[in-house]
Amino acid sequence: MKRGFGLVEVMVALAIIAIVLCAATRIYVVSTRTGAYADSLTYAASLAHSRLQMLKAAAFDDPALGPGWHTDADNPTQVAGRQYYLAWSVSVRGKGKGVTVYAAWNDRGEAGNFASADALFDSGCGYTQARGYIEALE
């Protein structure tokens, strides 16, 4: 009777270890990508909300609050080593204005100074939005 492991047992053990290591590597890669996306989304949401508050503080007849699509003159904004592009859409609603601010970044698509919300949506890049309503003061 021989002691120790045979070639078959060693090969089975190595195959199991290889499968476990491949799964662990995949989990690591996915969690790293998810963490990076979460960071980008957090910064983008903060930028969009900040711009919305700036627009709410502006005069009601400010050119930045004119109806239509607007892009930030300071694009791109650098935060934590990543470029973000800010744009907003203004629509007249009753006696006020509805504002939607978008913050986009290069994720899977290419972010830039978009000509419209549809161009942003079609680009495939990561984005978030902040919405608000500005009432006219009488």
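Since we're looking at a predicted model, the values are computed, not measured.
- The side chain to side chain contact (heavy atoms under 4.5 Å, CB included) search around Ser40 returns Arg82, Tyr84, Trp105, not counting sequence neighbours.
- Remark: Glu135 engages Tyr133 in a side chain to side chain contact (heavy atoms under 4.5 Å, CB included) (not counting sequence neighbours).
- The distance from the CG atom of Leu55 to the OG atom of Ser50 is 9.5 Å, given to the nearest 0.5 Å.
- At a threshold of 4.5 Å between side-chain heavy atoms, the hydrophobic network of Ile, Leu, Val, Met, Phe, Trp and Tyr places Leu41 and Leu47 in one connected group.
- Residues Trp88 and Leu65 share a hydrophobic cluster, clusters being chains of Ile/Leu/Val/Met/Phe/Trp/Tyr side chains in contact below 4.5 Å.
- Taking both residues in full, the closest heavy atoms of Lys95 and Ala136 are given as O-CB, 2.9 Å, listed atom of the first, atom of the second, then distance.
- Follow the hydrophobic side-chain contacts under 4.5 Å out from Met54 and you never reach Leu52; the two are in separate clusters.
- Counting non-hydrogen atoms of other residues, nucleotides and ligands closer than 6.0 Å to NE2 of His49 gives a total of 12 or fewer.
- Listed by first and then second residue, the side chain to side chain donor-acceptor pair (under 3.5 Å) pairs that reach into residues 19-28 come to none, sequence neighbours excluded.
- When all heavy atoms of Val90 and Ala64 are compared, the closest pair comes out as CG2-O, 3.9 Å.
- Residues satisfying the side chain to side chain donor-acceptor pair (under 3.5 Å) test with Asn113, not counting sequence neighbours, are Asn75.
- The CD atom of Gln78 lies 12.5 Å from the OH atom of Tyr43; values are rounded to the nearest 0.5 Å.
- Between atom CG of residue Leu14 and atom CG of residue Leu21 there is a gap of 10.5 Å, rounded to the nearest 0.5 Å.
- For the pair Cys125 and Leu120, the tightest heavy-atom approach, listed with the atom from each and the gap, is SG-CD1, 3.9 Å.
- Asp107 is listed as a side-chain neighbour of Tyr37, based on a closest heavy-atom distance under 4.5 Å.
- The side-chain heavy atoms of Phe60 and Ile134, taken from C-beta on, include a pair separated by under 4.5 Å.
- Sorted by first and then second residue, the pairs that involve residues 54-80 and meet salt bridge (Lys or Arg N to Asp or Glu O under 4.0 Å), not counting sequence neighbours, are Arg51-Asp72.
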- Query: Yes or no on ring-ring contact (aromatic ring centres under 6.0 Å, His included) for Phe121 and Tyr127, after CA distance, side-chain angles and deciding distance?
  - Reply: CA-CA 8 Å; Phe121 303 148; Tyr127 73 92; 5.4 Å; yes

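- Side-chain atoms of Glu9 come within 3.5 Å of backbone atoms of Gly6 as a donor-acceptor pair (strictly under, hydrogens ignored).
- Residues Phe114 and Ala104 approach most closely at CE1-CB, 4.0 Å, considering heavy atoms.
- The nearest pair of heavy atoms linking Trp69 to Ala87 is CZ2-CB, 3.3 Å.
- Neither Leu86 nor Tyr102 shares a network with the other; the hydrophobic side chains, linked directly or stepwise wherever heavy atoms of I, L, V, M, F, W or Y lie under 4.5 Å apart, form separate groups for each.
- Qualifying side chain to side chain donor-acceptor pair (under 3.5 Å) partners for Asn106, counting only residues two or more places apart in sequence or in other chains: none.
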